[in-house]
Amino acid sequence: KQEVTQIPAALSVPEGENLVLNCSFTDSAIYNLQWFRQDPGKGLTSLLLIQSSQREQTSGRLNASLDKSSGRSTLYIAASQPGDSATYLCAVENSGGGADGLTFGKGTHLIIQP
Amino acid sequence: NAGVTQTPKFQVLKTGQSMTLQCAQDMNHEYMSWYRQDPGMGLRLIHYSVGAGITDQGEVPNGYNVSRSTTEDFPLRLLSAAPSQTSVYFCASSYSKSGQGTYGYTFGSGTRLTVV
């Protein structure tokens, strides 16, 4: 059974810092890995999707990497801003059989201090 | 606005009552799914559908029922509500690329359900 782990569970940093969120998964048979953002009381917003054949994806100040063989992904946030405060979720889509759908980590709760 | 619409946003049920959570999407996505989000557990897949008339179970299907009569709608039915079903429920839609997984995940804003 696929398991997704996110470290750290919570992070608080001053505005302007660069930071890295980590995600690991146990089964490398995946189609893709996604990073989502969730604001309190809201739904999920897709930030970046990395296909299993790709190494990284970038969108603005966000960069996500994928090392499928080691079961790891990182989300790099450059020049953090208070508006980046949210919970960040990592999810993988399995390709090795079983139920379709995404397997999520428990998230990293990020606070950017003004 | 295009996207996934969930109703209601909040609901309180008594143990044993039944209800239906509604989910509709207007992006012509063939794939739809329901997740529940509990503190300390992350999001878990309840049921999913790869197209009209086709549904299947996810990780935590017990106590829930789904049907998919149209591409747009994917309601989730609680048959006899239990306190353990207190949770936030999210509906999502996406499209598939043959042999490459599903893409374009769009989530609704959620239904916060309390069973007393």
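Bear in mind the structure is a predicted one, so any value in this text is a computation, not a measurement. Sequence lines set the chain letters: A, B, ... in the order given, protein chains first and strands last, and positions in each chain run from 1.
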Checklist entry - Where do B:Phe90 and A:Gln38 come nearest, in terms of heavy atoms and distance? => result CZ-NE2, 3.4 Å

Checklist entry - Does CZ belonging to A:Arg55 count more than 12 external heavy atoms closer than 6.0 Å? => result no

Checklist entry - Of the backbone (N, CA, C, O) and the side chain (C-beta and beyond), which part of B:Val50 lies under 4.5 Å from a heavy atom of chain A, both, or neither? => result side chain

Checklist entry - Among the clusters formed by ILVMFWY side chains lying less than 4.5 Å apart, do B:Trp34 and A:Phe104 turn up in the same one? => result no

Checklist entry - In Å, rounded to the nearest 0.5 Å, how long is the span from CG of B:Leu43 to CG of A:Leu102? => result 9.0 Å

Item to check | Hydrophobic cluster membership, A:Leu49 vs A:Tyr31, 4.5 Å side-chain cutoff | outcome: no

Next on the checklist: With a sphere of 6.0 Å drawn around CE of B:Met41, does it hold more than 12 non-hydrogen atoms of other residues, nucleotides or ligands?
Outcome noted: no

Next on the checklist: If hydrophobic clusters are built by linking Ile, Leu, Val, Met, Phe, Trp and Tyr wherever their side-chain heavy atoms come under 4.5 Å apart, do B:Val4 and B:Tyr31 end up in the same one?
Outcome noted: no

Checklist entry - Members other than A:Ile112 in its cluster, when Ile, Leu, Val, Met, Phe, Trp, Tyr link by side-chain heavy atoms under 4.5 Å? => result A:Val4, A:Leu11, A:Val13, A:Leu19, A:Leu21, A:Phe25, A:Ile30, A:Leu33, A:Trp35, A:Leu47, A:Leu48, A:Ile50, A:Leu62, A:Leu66, A:Leu75, A:Ile77, A:Tyr88, A:Val92, A:Leu110

Next on the checklist: Is there a path of hydrophobic side-chain contacts, each under 4.5 Å between heavy atoms of I/L/V/M/F/W/Y residues, joining B:Val88 to B:Met32?
Outcome noted: no

Item to check | Heavy-atom proximity to chain A below 4.5 Å, by part of B:Ser33 | outcome: neither

Next on the checklist: Test your reading of the model: is there a side-chain donor-acceptor pair from A:Lys106 to the backbone of B:Gly40, 3.5 Å cut-off?
Outcome noted: yes

Checklist entry - Roughly how far, to the nearest 0.5 Å, is the CG atom of A:Leu44 from the CD atom of B:Gln37? => result 6.5 Å

Next on the checklist: Can you list the residues of residues 103-116 of chain B that sit under 4.5 Å from chain A, counting heavy atoms only?
Outcome noted: B:Tyr103, B:Tyr105, B:Phe107, B:Gly108, B:Ser109, B:Arg112

Checklist entry - OG of B:Ser94 to CD of A:Gln34: how many Å apart, nearest 0.5 Å? => result 8.5 Å

Checklist entry - Mind checking whether B:Leu45 and B:Tyr64 sit in one hydrophobic cluster, side chains of I, L, V, M, F, W, Y counted as touching below 4.5 Å? => result no

